[in-house]
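First up is the structure itself, then whatever we jot down about it.
First the proteins, then the strands, lettered A, B, ... as listed; each starts at 1. All heavy atoms count here, side chains included; hydrogens, waters and symmetry mates do not. Everything quoted here is computed from the prediction, not taken from an experiment.
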2 protein chains.
Amino acid sequence: MTNPFIMKLCGFAELTDQEVKALELATIKPRALGPRKDLIREGDQPGPVFVMLEGWAFRYKVLPNGSRQVMAFLMPGDACDLHIGMLAAMDHSISTATHAQVATISRETMDELMLTYPGIARAMYIAQLVDEGTLRAWIVSLGRRSSTERAAHLLLELYLRGVRTGVAGEGKMELPLSQLVIADALGMSPVHVNRVLQELRGSGAIELRRGVLRIQNPVALTAFSGFDENYLHRRLRTSN
Amino acid sequence: MTNPFIMKLCGFAELTDQEVKALELATIKPRALGPRKDLIREGDQPGPVFVMLEGWAFRYKVLPNGSRQVMAFLMPGDACDLHIGMLAAMDHSISTATHAQVATISRETMDELMLTYPGIARAMYIAQLVDEGTLRAWIVSLGRRSSTERAAHLLLELYLRGVRTGVAGEGKMELPLSQLVIADALGMSPVHVNRVLQELRGSGAIELRRGVLRIQNPVALTAFSGFDENYLHRRLRTSN
DNA sequence: CGGCTCCTTGACTTTCCTCAACATCAGTGG
DNA sequence: CCACTGATGTTGAGGAAAGTCAAGGAGCCG
């Protein structure tokens with residue numbers, strides 16, 4: 001299977017062949033987007049569900065003083081919020097970070113998929129819960145971790161999420177994010193991100209160069225950043 | 001209506017009399033809890049949905065180094081996550097901050113309520129979306145606002161949320177949170193919270209004493225903190 | 001009254017930001 | 001093939017913001 005979205009949902013719930021087929025059909029015609037293109041802007045009325053098939057995007061908000069905060073990364077396999085269509089207006093924007101292939105599933109189609117296929121509904125709910133847990137984990141990082149711990153935590157998170165969708169493995173993943181975007185996610189200045197990454201590189205914990213991340217010492221990195229993978233919910237409730 | 005939970009849901013969707021009755025019935029027997037009692041702990045298997053009828057609680061996580069981060073406040077009218085029961089384990093804990101009256105609705109009852117009453121389902125989904133928007137707003141605050149702006153933003157948020165549930169009004173609300181808990185929510189030290197609050201008091205924007213918050217100058221506070229109430233979604237989509 | 005929690009203040013230290021300059025790299029068009 | 005351009009990464013120096021440590025004050029309750 002090459003579709004990271006389906007691979008991720010299969011990790012969340014047992015999907016029947018029919019369900020997989022329906023998902024394949026729904027994401028069969030992605031559109032190509034260049035880097036730095038807004039998928040949707042704050043204030044817009046929410047439209048279809050976006051599914052990232054290739055490339056990276058991020059949710060962000062720009063403050064009156066011009067600074068920007070990234071609130072979430074969307075990597076291949078990620079979809080955006082389920083029920084967001086109920087709201088009148090987006091409270092943040094989503095932009096691509098790289099070239100991307102994005103499938104769009106209309107609200108109606110999505111509702112129908114979830115009504116028809118309980119496995120899809122279940123998997124989408126779980127994906128949403130994990131996303132929410134991820135938001136909370138970011139709050140913890142921003143509030144109580146040092147800048148170096150914070151960076152280490154983010155890199156580990158992205159790697160583990162990548163493993164789930166098949167875009168990462170064997171300690172390696174493509175990570176085409178500029179230090180500027182990482183800075184806006186970690187709530188720090190770009191120059192400090194640079195120094196912090198050097199520190200992590202210097203300690204031998206990671207390698208990050210030319211858009212490729214290598215986790216050299218996962219154990220040390222986990223301990224140092226206080227990473228607790230609970231929030232990614234790799235073990236799900238088996239019954240019901 | 002004295003039930004802040006029902007008042008809040010009514011603000012999100014038009015509820016029929018039947019639906020209101022069903023909600024009243026479901027929350028008729030709250031249990032009383034003292035301050036600093038955990039409702040549920042990280043690692044526990046999720047149980048019923050909790051509904052705060054009186055008093056305050058907060059979601060939090062304690063890091064290996066002993067520091068604590070508060071990720072959300074639950075004030076009267078708030079309920080905790082809808083589908084959390086699908087997960088095997090909580091990724092954070094919830095504790096009371098004050099004496100509290102908490103109703104518990106079993107997973108089965110909640111599922112049934114949402115299946116039977118579309119208005120309740122809709123209102124609960126919207127409440128969840130608003131909670132999620134609130135998490136993102138906290139990320140923005142923690143990442144990109146100065147400590148004083150951050151404090152101002154939090155107080156304004158809590159006040160506006162209180163208005164929605166009827167526990168705040170006319171620039172005034174009960175806010176029984178210690179500076180220590182506020183510090184853990186803002187990701188700063190308690191002594192700095194103290195200084196920042198003094199600054200806000202001194203500027204005439206707020207008054208906060210003995211557990212009562214007064215917003216003296218909402219306009220200045222909004223501008224200063226860069227508060228954008230979008231994320232509370234006071235205007236909802238009317239159709240569908 | 002004693003004991004607890006919470007709030008307040010001052011002095012010192014650390015972390016991280018800002019500013020500024022420069023290096024590197026990929027893509028573009030001549 | 002090379003010069004130009006824009007985005008990105010790197011380095012150093014100085015300063016502002018917020019943390020830590022330590023001590024004392026205020027309020028509340030048994």
Quiz item: For A/I182 and D/dG9, what is the distance between atoms CD1 and C1' respectively, to the nearest whole Å?
Solution: 11 Å
Self-check item: Contact under 4.0 Å: B/Q198 side-chain N or O vs C/dC7 OP1/OP2
Solution: no
Practice problem: Would you indicate whether A/E174, at its atom CD, is surrounded by more than 12 heavy atoms from other residues, nucleotides or ligands within a distance under 6.0 Å? | Solution: no
Quiz item: Want to settle it: does A/R210 or A/G187 sit nearer the 5' end of DNA chain C, counting the closest nucleotide to each?
Solution: A/G187
Quiz item: Among the nucleotides D/dG9, D/dG19, D/dA18, which one has an atom lying closest to any side-chain atom of B/M188?
Solution: D/dG19
Exercise. Return no unless some side-chain N or O of B/N194 is found under 4.0 Å from OP1 or OP2 of C/dC7.
Key: no
Quiz item: In whole angstrom, what separates B/L186's CG from D/dA18's C1'?
Solution: 13 Å
Practice problem: Mark yes when over 12 heavy atoms from residues, nucleotides or ligands other than B/Q101 sit less than 6.0 Å from its CD; otherwise mark no. | Solution: yes
Quiz item: Just how far, in rounded Å, is P of C/dT8 from CG of B/L200?
Solution: 13 Å
Practice problem: Please state how far atom NE2 in A/H99 lies from atom C1' in C/dG27, giving the value in whole angstrom units. | Solution: 11 Å
Exercise. Kindly indicate whether the side chain of A/R209 and the base of D/dG9 share any N or O donor-acceptor pair separated by less than 3.5 Å?
Key: no
Exercise. Establish whether the base of D/dG9 is bridged to the side chain of A/R195 by a donor-acceptor pair shorter than 3.5 Å.
Key: no
Practice problem: Provide, to the nearest angstrom, the distance between the CG atom belonging to B/L175 and the P atom belonging to C/dC7. | Solution: 11 Å
Practice problem: Tell me which nucleotide among D/dT10, C/dC17, C/dC16 gets nearest to the side chain of A/S189. | Solution: C/dC17
Quiz item: Just to confirm, is there a sub-4.0 Å distance from OP1 or OP2 of C/dT8 to any side-chain nitrogen or oxygen of B/Q179?
Solution: yes
Quiz item: Once you round it to whole Å, what is the distance between C1' of C/dC16 and CD of A/E149?
Solution: 14 Å
Quiz item: Taking NZ, NE, NH1 and NH2 as the nitrogens, is one of them in B/E157 or B/R161 under 4.0 Å from a carboxylate oxygen of the other?
Solution: yes
Quiz item: What is the distance, rounded to the nearest whole Å, between atom CG of A/N65 and atom P of C/dC17?
Solution: 14 Å
Quiz item: Roughly how many Å is it from NE2 in B/H192 to P in C/dT14, rounded to a whole number?
Solution: 18 Å
Quiz item: Which of parallel (below 30°), tilted (30 to 60°) and perpendicular (above 60°) describes A/F73 and A/W56?
Solution: perpendicular
Quiz item: Looking across every strand, which nucleic acid part, if any, lies under 4.0 Å from B/R201 by heavy atom: base, sugar-phosphate, or nothing?
Solution: sugar-phosphate
Quiz item: Does a salt bridge link B/D38 with B/R41, judged by any charged N lying under 4.0 Å from a carboxylate O?
Solution: yes
Quiz item: Mapping B/V191 and B/R144 to their closest nucleotides on DNA chain C, which lands nearer the 5' end?
Solution: B/V191
